Every structure is written in C-alpha cells, then in structure tokens.
2 protein chains.
Amino acid sequence: MASIKDVAAEAGVSVATVSRVLNDHPSVSAEARTRVLAAVETLGYRPNAVARSLRTDQTHTLGLVISDVMNPYFTELARSVEEEARALGYSVIIGNADERPDLQDHHVRNLLDRRIDGLLVSPTDGGSPLMLDAARAGTPMVFVDRWIPGVDVPVVRADGRAAVRDLVAHLHSLGHRRLAIIAGPAATTTGRERVEAFREALGVYGLELPDAYIGQGDFQAESGRRVTEGFLDLPEPPEVVFAADNLMALGALDAVRARGLRVPDDIALAAFDDIPWFVHTDPPVTAVAQPTGELGRAAVRALVDRIEGRPGESVTLPARLVVRRSCGEPPNPPQSPTPVQRSTS
Amino acid sequence: MASIKDVAAEAGVSVATVSRVLNDHPSVSAEARTRVLAAVETLGYRPNAVARSLRTDQTHTLGLVISDVMNPYFTELARSVEEEARALGYSVIIGNADERPDLQDHHVRNLLDRRIDGLLVSPTDGGSPLMLDAARAGTPMVFVDRWIPGVDVPVVRADGRAAVRDLVAHLHSLGHRRLAIIAGPAATTTGRERVEAFREALGVYGLELPDAYIGQGDFQAESGRRVTEGFLDLPEPPEVVFAADNLMALGALDAVRARGLRVPDDIALAAFDDIPWFVHTDPPVTAVAQPTGELGRAAVRALVDRIEGRPGESVTLPARLVVRRSCGEPPNPPQSPTPVQRSTS
DNA sequence: GCACGCCGTGGAATCGATTACATCGACGTG
DNA sequence: CACGTCGATGTAATCGATTCCACGGCGTGC
C-alpha cells in the first residue's frame with residue numbers, strides 16, 4: 001500500500017508538502033498542489049489513519065459500550081449514535097457487554113487501548129475501577145440511558161416519571177388495582193428508578209407496591225418469564241404486570257401464554273421501552289417510549305463537546321406513554337371506522 | 001498516559017527489555033521481568049495499540065459491513081461475529097450500510113483507512129470499484145449472507161432452497177395455489193435467489209409465478225407494506241404472500257391489518273429469516289430460519305484463516321422451515337394439551 | 001588457557017504520518 | 001540599495017511501539 005513517501009516521490013516534492021496538501025494547509029503553491037493531487041490519484045493513495053493517530057494523538061473515534069445489542073432499544077441507540085458521530089466526523093466502535101460486567105470491562109479496556117477520543121457508556125453495573133479511573137484520569141466520557149451516581153460525567157437519559165404516572169393513571173382508570181413490576185438489576189440506575197417511579201405513581205392513587213409484587217429481573221427475556229410465573233403462582237396474582245424493559249415483557253408474554261391465559265383479559269401487560277414490534281404482538285403492547293434517537297444524538301453531541309474542549313452538558317428528555325391494547329380497552333373507544341389502525345404508532 | 005519509556009525508566013531497563021517482557025520473549029532474565037512487571041503495575045501502563053499497529057502492520061481488528069443493523073437478523077449476525085472474533089483475539093468494527101451503497105462505500109473506505117486486518121461484508125449492491133479493488137489488492141475478505149458473483153472471495157451463507165421447497169409443500173398441502181413473493185433488491189444475491197428458489201419450488205407442484213405476483217421490495221418494512229397493498233388490489237389477489245425478509249413481512253402484516261383483513265384466514269403470510277419476535281406476533285409467523293449464529297462464526301473463522309495465511313474456505317449451511325400459524329392450521333394438529341406452546345420455538 | 005557460543009541487554013532503525021524550524025528567493029519599503 | 005517580510009518548500013524530530021544488531025560476560029569444550 002502506497003505511503004506518503006511514494007506520493008512525494010511521484011510528485012517530485014517532499015513528504016512535508018504532501019502532508020500540507022492533504023491537510024489543506026494554506027501555504028502550498030497551486031502548482032505543487034495539483035502535482036500532489038495527481039500523484040495521489042495515480043497511486044490510489046489513502047493516508048494511514050494509524051500513523052496519523054499516533055502522531056496527532058487523535059483517533060476521531062468514539063467508543064460505545066452498550067448493555068445488550070440484541071435489545072432493539074440499544075440497537076436503535078447505537079444506530080443514532082453512529083449517525084450523529086458520522087455527521088460530526090467521527091467513527092464509532094461498539095462494544096456489546098451483554099449485561100456482563102466482565103465483558104463491559106473487556107470492551108472498555110480494549111477501547112482505551114485503541115486510544116479512542118471519547119467513551120459513551122450505558123453501564124451494566126456500578127462501574128469497575130477501570131472505568132472510574134478512566135473517568136477520573138480525564139478520558140472524555142458520557143453516560144447514556146444508565147449512569148453511575150457520584151461520578152462526574154455528563155448523563156444523557158430519558159425521564160420516565162411522567163410517563164409512568166400516565167401509565168398508572170391509565171391502568172387505574174381501567175379498574176386495575178393490583179399492579180406488579182418486573183424490575184431490572186438493582187446495580188443499574190434504570191433498574192432502580194423505574195421501580196421508584198412506579199411506586200411513586202401508585203402512591204398518587206393510594207396504592208401500595210408490596211414486595212411480593214416486585215420481581216427481580218435482569219433485563220433479559222428469560223427473567224421476565226420466570227418472574228411472571230412467580231406472580232401467577234401467588235395466592236392473589238396481580239392484575240397487571242409492568243416490565244421494566246421490552247425483553248422482559250416478551251418473557252412475561254410467553255409465561256402468560258404458556259399458562260393458557262390471555263392478555264389483557266386474564267392479566268394486563270405493559271413495558272418500559274417501546275419498539276416497533278410491540279405494534280405487531282398479540283396483543284399490541286402498551287409501553288413507555290423513550291426518544292431513543294434523540295438520546296443517542298444528544299449523547300454524541302455532549303461527548304464531542306467534551307472532546308473538543310467545550311463544556312458538554314447532561315441532557316434529560318421526557319419519555320411518553322403509548323397506549324395499545326395489552327392493558328384492556330382504552331377508556332375512550334375510538335370513533336374511527338377502522339379500529340385496527342388505532343395502534344399503528 | 002504512561003508510555004513504554006516511562007516503564008523502562010521506572011524499571012531501570014531499556015525500552016527493548018520492556019517490550020520483550022510485554023511480548024513474553026524468552027530471552028529476558030527473571031529479575032528484569034519482575035522489575036518491569038512491577039513498573040507496569042505501579043504506572044498502570046497499557047501498551048498503545050495505535051503505536052503497536054503502526055509498527056507491526058496488524059490491528060487485530062476485523063471490519064464488518066452489514067446492510068442494516070435494525071434488522072434483527074443482522075443484529076444477531078453481528079453479535080455472533082463479535083463473539084467468535086473475540087475468542088480468536090480480534091475486535092470488530094461494525095459499519096451499518098442501511099442498504100445504501102454510498103454508506104457502504106463510506107464504511108469500507110473508513111475501515112481500510114484504519115488498516116483493519118480483514119473485511120467481512122454483506123454487500124448491499126453489486127460492489128463498488130472500491131470494494132472490488134480492495135479484494136483484488138489482496139485485503140483479506142469474506143462475504144457473508146450476500147455475495148458478489150465473479151469475485152474471488154469466500155462466501156459464507158445459508159442455502160434456503162430446501163427450506164423454501166418445504167415451505168411451498170406446506171402451503172400446497174394447506175390448499176394454497178396462488179402464491180406471491182415480495183422480492184428483495186435485484187442487486188443483491190439474496191434478493192434474486194429467494195425468488196428463484198420460490199419459483200423452482202412452485203414448479204414442483206406445477207404452479208406458476210406470474211409477474212403480477214412478484215413485488216419488488218428493498219428489504220425494508222415500508223416496501224413490504226407497499227407491495228402487499230398492490231397484491232391486495234389485484235383483481236385476483238394471492239392467497240399467500242412470502243416476504244423475502246423479516247422486515248418486509250412486518251410491512252405486509254401492517255398492510256393486511258390496515259385493510260381489516262386477517263392472517264391467515266384472509267391471506268397467508270410467510271417470511272425468510274426467522275427472528276424471536278415472530279413467535280409473538282399476531283399470528284405467529286411461519287418462517288425460513290437461517291443458522292445465523294453459525295454463519296457469523298464460520299465467516300469469522302474463514303476470514304481469520306485468510307488473514308493468518310491459511311486457505312479460508314466458503315461455507316454453505318442449510319436453512320430450515322419453522323411452521324407457525326400464519327399460513328393456516330398445520331396439517332398435523334398437535335395432541336398436546338397446551339396448544340399455545342406449539343409455536344414456542 | 002583460549003576461543004567460541006550463548007544469554008541477556010541496550011542502542012538505534014523503523015513504521016507513516018505531522019509539524020517546528022531552517023532556508024531561499026522575491027518583493028516592498030525607507 | 002539594503003534590509004526586513006513573507007510565501008513556498010525541505011529537513012528532521014517526533015509519536016510509541018517492535019526488532020535487528022552489537023556487545024559484554026560467562027560457561028564450556030578442546
């Protein structure tokens with residue numbers, strides 16, 4: 001593969017001049033510029049990003065460590081992150097932690113070794129020494145979706161409180177009183193917060209959230225199934241199951257079906273994180289939708305701000321409730337002649 | 001960030017010795033080794049992968065350019081690729097082409113500039129000069145899922161012929177005779193092959209595939225919707241719609257619902273590419289399942305073989321039919337007491 | 001007792017870029 | 001006319017690693 005030296009030789013100039021042309025430095029004669037450009041063309045030369053990074057100490061690359069690629073929420077997040085990064089002149093390397101702290105650490109280490117310019121993390125746990133050290137050492141870093149309290153790193157996330165209140169209002173108006181939740185791991189902020197928001201919203205209606213109605217999940221489908229089975233085995237099973245993420249909702253749906261029960265007739269179901277597939281499930285699932293794309297873009301902007309020496313601030317965007325049929329018939333039956341279209345959004 | 005020089009100073013040895021310890025070269029005294037290791041520990045030193053890559057001309061990184069991350073099939077593929085690569089000591093940089101040739105080119109160029117050791121591609125189109133040049137120039141490369149004919153690059157893919165024959169047999173046994181297909185882009189091999197396999201399978205039963213029953217899609221949900229609407233508008237609409245990928249199947253489902261029609265009673269639906277969500281849609285969707293994880297792993301093995309100087313061969317694995325309820329009741333009604341479990345797979 | 005070989009080590013070249021500094025000619029001004 | 005300035009270019013140091021080569025010391029064999 002041709003190097004800058006080859007180009008210099010071909011164009012009959014020094015490597016410095018070639019470099020100047022490539023980085024369009026002003027003080028290069030038009031004459032030299034055209035000769036260099038021609039040489040670049042004939043040799044099919046492309047600058048070696050590795051060498052360039054070594055010299056400039058910049059890789060123009062962001063690292064993104066997410067908890068689970070197979071979760072459509074994170075897939076969409078990753079996609080929007082890459083889009084915005086590309087628009088700002090950066091590439092993205094994605095590391096999938098699969099909800100495993102050891103894998104998360106592996107990826108963080110790998111990304112730091114590669115000298116990425118900044119790190120976007122949705123932490124799986126409370127944060128390993130590695131990550132905390134990196135943050136302290138000044139690696140530009142931004143948390144997205146989940147974060148670690150007490151660490152001085154901007155956080156870009158959605159606030160689901162209002163949407164959860166709307167959800168509980170919706171459930172209450174449908175007559176549901178015994179509401180249960182499948183929580184995420186207590187080590188994650190989203191795992192804890194969603195339970196809190198739910199409990200708080202229940203309080204508004206004078207409802208309790210008994211321990212028996214809090215199932216411990218791990219954001220994976222299988223745990224949703226297991227927890228739901230536990231709920232169904234209770235002497236007084238809940239009327240509603242609220243899953244703290246979409247995969248656990250899927251597991252819950254499985255568990256309910258496996259018993260030969262029906263949603264929403266026998267038990268209602270709602271989920272945190274809306275995804276396109278929820279429109280097509282049987283029944284369509286009512287969910288709290290995060291502005292995923294916006295989150296990804298805002299996170300990249302905050303990170304690039306940090307990298308380029310600007311402040312880089314935290315952002316919190318509101319989530320919103322999307323009502324479908326999994327909790328019972330909506331309170332305001334639609335006048336529309338084609339009721340099937342109601343839940344298309 | 002500490003460099004190898006700092007470590008050498010701290011340990012009181014030369015950088016050469018430090019390097020030898022790090023790459024566990026045999027000829028280093030135990031004494032020196034422990035001193036270096038201690039220095040590494042106290043400084044929290046990590047070798048700079050950028051510098052190492054420049055010197056060794058190896059990045060231990062694979063590039064993966066896929067057609068669409070939001071498609072669960074490709075997400076799973078990406079995941080298995082990363083897993084196998086990690087097991088073999090490589091990292092993966094994913095580029096999402098979003099079915100756009102220009103974006104595909106952007107990512108290929110970016111990956112080549114970064115001097116990745118090898119490239120895994122699922123081409124969106126017939127291949128740009130850039131990609132073809134890279135292949136000819138000797139960049140280790142493997143095609144996965146889709147490929148470009150006439151290019152000397154190993155191909156790892158699934159053969160859906162047998163499964164499509166099984167599908168058509170299934171449909172035929174249910175009494176369906178007017179079968180239509182939503183094809184993928186003609187520029188992709190999978191776009192063409194699936195139509196051919198379908199036509200061939202129909203031939204076995206003496207059935208034709210008229211042009212009116214071949215809709216041109218682009219592997220995205222919206223095109224599935226559009227094509228399906230076209231089918232439904234025909235004077236004699238098909239009894240079955242076979243979508244050449246899962247997203248177009250989703251679009252088809254939308255279109256059918258929007259008309260107030262029901263699957264499978266009014267029209268049957270099947271898809272190429274099975275995904276977990278098809279178990280949960282209304283109704284569960286009959287699909288041709290590829291051994292996605294195996295494909296990803298085999299592709300990585302083939303690519304790493306090439307990189308490390310071994311042959312690196314093409315692999316073709318069989319796809320298989322997964323029958324669910326979207327084409328009508330299966331011919332052999334299950335004896336099982338809990339019929340809802342039938343389609344859990 | 002001497003020469004040879006081997007082991008452990010350090011010096012220095014190298015990978016492919018960027019960039020500070022030096023050089024050189026042309027031009028403008030006092 | 002001389003000197004300072006500026007524009008265009010080249011030389012060489014540098015980034016952080018790896019690795020070839022040389023060198024000193026020690027053990028072994030004849």
Side-chain angles (χ1 to χ4, degrees), chain A residues 1-40 43-61 89 109-117 137, chain B residues 1-40 43-61 89 109-117 137:
Chain A
M1 186 146 276
S3 83
I4 195 171
K5 254 183 235 160
D6 304 320
V7 177
E10 171 83 15
V13 297
S14 72
V15 294
T17 301
V18 176
S19 177
R20 290 194 187 95
V21 171
L22 264 36
N23 298 284
D24 42 38
H25 185 92
S27 106
V28 178
S29 67
E31 149 79 12
R33 165 163 291 118
T34 56
R35 286 238 303 287
V36 168
L37 260 23
V40 164
L43 294 175
Y45 168 78
R46 293 247 82 212
N48 183 327
V50 174
R52 180 179 293 206
S53 292
L54 176 62
R55 185 61 236 257
T56 61
D57 204 35
Q58 293 183 26
T59 49
H60 274 276
T61 303
R109 197 186 322 276
N110 179 33
L111 291 166
L112 292 175
D113 285 355
R114 299 181 115 77
R115 302 301 193 263
I116 44 120
D117 292 342
Chain B
M1 184 145 277
S3 84
I4 196 171
K5 254 183 235 160
D6 304 319
V7 176
E10 172 82 15
V13 297
S14 72
V15 294
T17 301
V18 176
S19 177
R20 289 195 188 96
V21 171
L22 264 35
N23 298 286
D24 43 38
H25 185 92
S27 107
V28 179
S29 65
E31 151 77 12
R33 166 164 289 122
T34 56
R35 288 237 302 288
V36 168
L37 260 23
V40 165
L43 294 175
Y45 168 77
R46 295 246 80 214
N48 183 327
V50 174
R52 182 178 291 203
S53 293
L54 176 59
R55 184 61 235 258
T56 61
D57 205 34
Q58 293 184 25
T59 50
H60 275 276
T61 303
R109 196 186 326 273
N110 180 32
L111 291 166
L112 292 175
D113 284 356
R114 299 180 114 77
R115 302 301 194 263
I116 44 120
D117 292 341

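Reminder, nothing fancy here: chain letters follow the sequence lines and each chain counts from 1. Being a predicted model, the structure only gives us computed values, none of them experimental.
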Output the distance between atom [atom1] ([X]) and atom [atom2] ([Y]), rounded to the nearest 0.5 Å.
X      : Y      : atom1 : atom2 : answer
B/D117 : B/L111 : CG    : CG    : 11.5 Å
A/R46  : B/N110 : CZ    : CG    : 9.5 Å
B/L22  : B/T17  : CG    : OG1   : 11.5 Å
B/M1   : A/R115 : CE    : CZ    : 5.0 Å
B/S3   : B/L43  : OG    : CG    : 9.5 Å

Grab the [atom1]-[atom2] distance between [X] and [N] for me, whole Å please.
X     : N      : atom1 : atom2 : result
B/H25 : D/dT18 : NE2   : C1'   : 11 Å
A/R33 : D/dA8  : CZ    : P     : 9 Å
B/H60 : D/dA17 : NE2   : C1'   : 14 Å
A/L22 : D/dT9  : CG    : P     : 15 Å
B/D6  : D/dG16 : CG    : P     : 8 Å
A/K5  : C/dC15 : NZ    : C1'   : 8 Å
B/D57 : D/dT19 : CG    : C1'   : 15 Å
B/M1  : D/dA17 : CE    : P     : 10 Å

Item to check | Nearest listed nucleotide, side chain of B/I4, among D/dT18, C/dG10, C/dA17 | outcome: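 For B/I4, the side-chain atoms sit closest to D/dT18.
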
Next on the checklist: On DNA chain C, compare the nucleotides closest to B/E31 and A/Y45; which residue's is nearer the 5' end?
Outcome noted: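 By nearest-heavy-atom nucleotide position, the 5'-most residue is B/E31.
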
Contact check, side chains of [X] and [Y], non-hydrogen atoms, under 4.5 Å:
X     : Y     : value
A/I4  : A/P47 : no
B/D6  : B/E10 : no
B/V13 : B/V18 : yes

Expected rows: protein N/O vs nucleotides 20-26 of chain D N/O, under 3.5 Å:
{"residue": "D/dC20", "atom": "N4", "partner": "B/R20", "partner atom": "NH2", "Å": "3.3"}

For [X], which contact category applies under a 4.0 Å heavy-atom criterion: base, sugar-phosphate, or nothing?
X     : answer
A/S27 : base
A/V13 : sugar-phosphate
B/S29 : sugar-phosphate
A/N23 : sugar-phosphate
B/S19 : base

Checklist entry - Looking at residues 46-55 of chain B, who's got a heavy atom less than 4.0 Å off DNA chain C? => result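 Within this stretch, B/L54, B/R55 sit under 4.0 Å of the strand.
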
Checklist entry - Quantified as the angle between the terminal helix axes (five pairs each), what is the overall bend of the helix from C/dG1-D/dC30 to C/dG30-D/dC1 to 10 degrees? => result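 Its terminal axes enclose an angle near 60°.
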
Next on the checklist: Is it the case that the side chain of A/N48 and the backbone of A/V50 share a donor-acceptor pair, with hydrogens and angles ignored and the cut-off at 3.5 Å?
Outcome noted: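 Indeed, once roles are kept as given, a pair shorter than 3.5 Å links the two residues.
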
